[in-house]
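Excluded from the calculations below are hydrogen atoms, water molecules and symmetry mates; all remaining heavy atoms, backbone and side chain alike, are included. Residue numbering restarts at 1 for every chain, and letters A, B, ... go by the order of the sequence lines. Predicted model, so just to flag it, every value in this text is computed and none were measured.
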Protein chains: 2
Amino acid sequence: MTVPPEAEREGVGDVARLRSIPEATVARLALYLRTLGELGEQGAETVSSDELAAVTGVNPAKLRKDLSFIGSYGIRGVGYEVRPLLHQLEQSLGLNHRQAVALVGVGNLGHALAGYGGFDGRGFPVTALFDVDPDLVGIHINGILVEHVREIPRIAVERGITIGMIATPGPAAQAVCDLLVSAGVQCILTFAPVVLQVPADVEVRKVDLAVELQILAFHVARRNLDEVAGSSVSTGTVNGHALVNGAADNRTVNGSGGIHS
Amino acid sequence: MTVPPEAEREGVGDVARLRSIPEATVARLALYLRTLGELGEQGAETVSSDELAAVTGVNPAKLRKDLSFIGSYGIRGVGYEVRPLLHQLEQSLGLNHRQAVALVGVGNLGHALAGYGGFDGRGFPVTALFDVDPDLVGIHINGILVEHVREIPRIAVERGITIGMIATPGPAAQAVCDLLVSAGVQCILTFAPVVLQVPADVEVRKVDLAVELQILAFHVARRNLDEVAGSSVSTGTVNGHALVNGAADNRTVNGSGGIHS
DNA sequence: GCAACTTTGTGCGTGCGTTCACAAGCGGCT
DNA sequence: AGCCGCTTGTGAACGCACGCACAAAGTTGC
């Protein structure tokens, strides 16, 4: 784009570049980051866009354009050096310093999330647990004390919480969200099936498991209708699906969004 | 569009209409369905597109266009009758008959999912649990016996499983996926952080919790950069965010697909 | 029965995201 | 040193999706 040849690589230039990264690209950058980490552990020195695209299930051209948003770190004729690219991705995605996470709601799902090792290992240590249930407040999960929700404002500030995860029942989610926001938390990941009202400077991402299943159920229904309406043979039906799915390589990438943003 | 006035409401017409529904719309239809269910339980008879849009956090015009994909079930000047619309949504999304779900991987996350009440209540009864861990095989969770993964082909067919959920560690996911596919399962929801290779007639949706957090971390980083580079006052920064976020009403809707989603 | 109001359904413009295709650049080979 | 093959980076076209704005259609009140 209009990147100055050798002007400031750090500083305000980064702001402008980060600000302009499309949301869909950010989601994939996170995917590349994790995949690159695995490739690096396997001893890979360089990766071509075609290889990385195959592993992540993304179109190679799209991958190159995604990476171009954070700068030119590839070598033409060779590919991308894993180590430098990994470092640049971490910096661009804000993973150079760890983000403390607070988890509210230690019921069924929350309990699992608290014990899930995938967060701490990836730079997101869960450093606070909250609930309202007297039977849960006071117990330890993975060595972390469950405290009462009313303590959120104090503890969140004390421990420098930057990300809140809400795993409460739907009706309690908005109140919990308000508490987190009042404590200065600006990023929230919620599993509660309600729309959260937040100020403009707070970012909310919602993961709705029931909706995910319903989307799948829709595809089941469509397939069944296809089979009823399909001309005759089964192979013909399969070809029909391939057409419906569009490009064959986006089947395993979730929308997301959004997302699912 | 080109809907015949009073031609066949059922039959091939449905196939053509369902086939053409955009993926992003399907994700939102599932959202409307759940929200409508709640409104119905609260005794609402009719809902206007503005009301439903406010609750679901969607643009009213977009909502009306979404609903128009499944037919004209609104009354001008009044709104939508909750009951008929609910019924039509259920039929279009394939929820008129329950979909049996198999859950593979009863570790941390899987255990929570097995005990999560949100599935059974929404027409997705979890009717089979699988794992490889000898300590887990044989126990009951929520009254369901955990069986060995090698039994997937037999049991999935016996119990008419149509949806598979994979909550295993990443390395095991592909093998489990292959087993499910061989048992005829065509819809898979996976939490494993790997790209699953499947035939063209199998639908995969992926929920990647670590990626979700990384996306949030990116926004934290962007905010921090903003504050450093921001002119002076904090209110100016807030306004900046509002602009970056685009329309204020899509903050709480996840990309999914982004498909997501 | 008519007029005013309300709400749906949708045509159209706009912007984002994806993909193709190719020029530019880098390494290896002779 | 020069050529050849490979891979990146990106310009450009395409398609999808979003949202505005308005006509069509129904309801309420007089």
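- For A:Arg64 and C:dA21, the shortest distance from a side-chain N or O to OP1 or OP2 is not below 4.0 Å.
- Residue order along DNA chain C, read from the 5' end via each residue's closest nucleotide, puts B:Asp50 first among B:Asp50 and A:Ala61.
- In this structure, CZ of A:Phe69 is placed 11 Å from P of C:dC16, rounded to the nearest angstrom.
- Rounded to whole Å, the distance from CG on A:Leu85 to P on D:dT7 is 16 Å.
- OP1 or OP2 of C:dG9 has at least one side-chain nitrogen or oxygen of B:Tyr80 nearer than 4.0 Å.
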Scan nucleotides 25-30 of chain C against the protein and return all N/O pairs shorter than 3.5 Å with their distances rounded to 0.1 Å.
| residue | atom | partner | partner atom | Å |
| --- | --- | --- | --- | --- |
| C:dC26 | O4' | A:Arg76 | O | 3.3 |

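- The minimum heavy-atom distance linking A:Gly164 with A:Val185 is given by the pair N-CG1, 3.6 Å.
- The side chain to side chain donor-acceptor pair (under 3.5 Å) test applied to A:Thr162 returns A:Gln99, not counting sequence neighbours.
- Atom P of nucleotide D:dT8 and atom OH of A:Tyr32 are separated by 13 Å, given to the nearest angstrom.
- The salt bridge (Lys or Arg N to Asp or Glu O under 4.0 Å) contacts involving residues 78-88 of chain A comprise nothing, where partners must be two or more places apart or lie in separate chains.
- To the nearest angstrom, P of D:dC14 lies 18 Å from CG of A:Asn59.
- When rounded to the nearest whole Å, the span between NZ of A:Lys65 and P of D:dG11 equals 8 Å.
- What separates NZ of A:Lys62 from P of D:dC14 is a distance of 19 Å, to the nearest Å.
- Checking the phosphate oxygens (OP1, OP2) of D:dT8, a side-chain nitrogen or oxygen of A:Ser49 falls inside 4.0 Å.
- Whole-Å rounding puts the A:Arg28 CZ to C:dT19 P distance at 8 Å.
- With hydrogens and angles disregarded, no donor-acceptor distance shorter than 3.5 Å links the side chain of A:Arg205 to the backbone of A:Ile188.
- For residues 37-53 of chain B, the side chain to side chain donor-acceptor pair (under 3.5 Å) pairs, not counting sequence neighbours, are B:Ser49-B:Arg64.
- Remark: A:Tyr116 engages A:Phe119 in a ring pair (Phe, Tyr, Trp, His ring centres under 6.0 Å) (not counting sequence neighbours).
- Every residue two or more places apart in sequence or in another chain was checked for a side chain to side chain donor-acceptor pair (under 3.5 Å) with A:Tyr80, and none qualifies.
- Between the CG atom of A:Leu67 and the P atom of D:dT7 there is a distance of 16 Å, given to the nearest Å.
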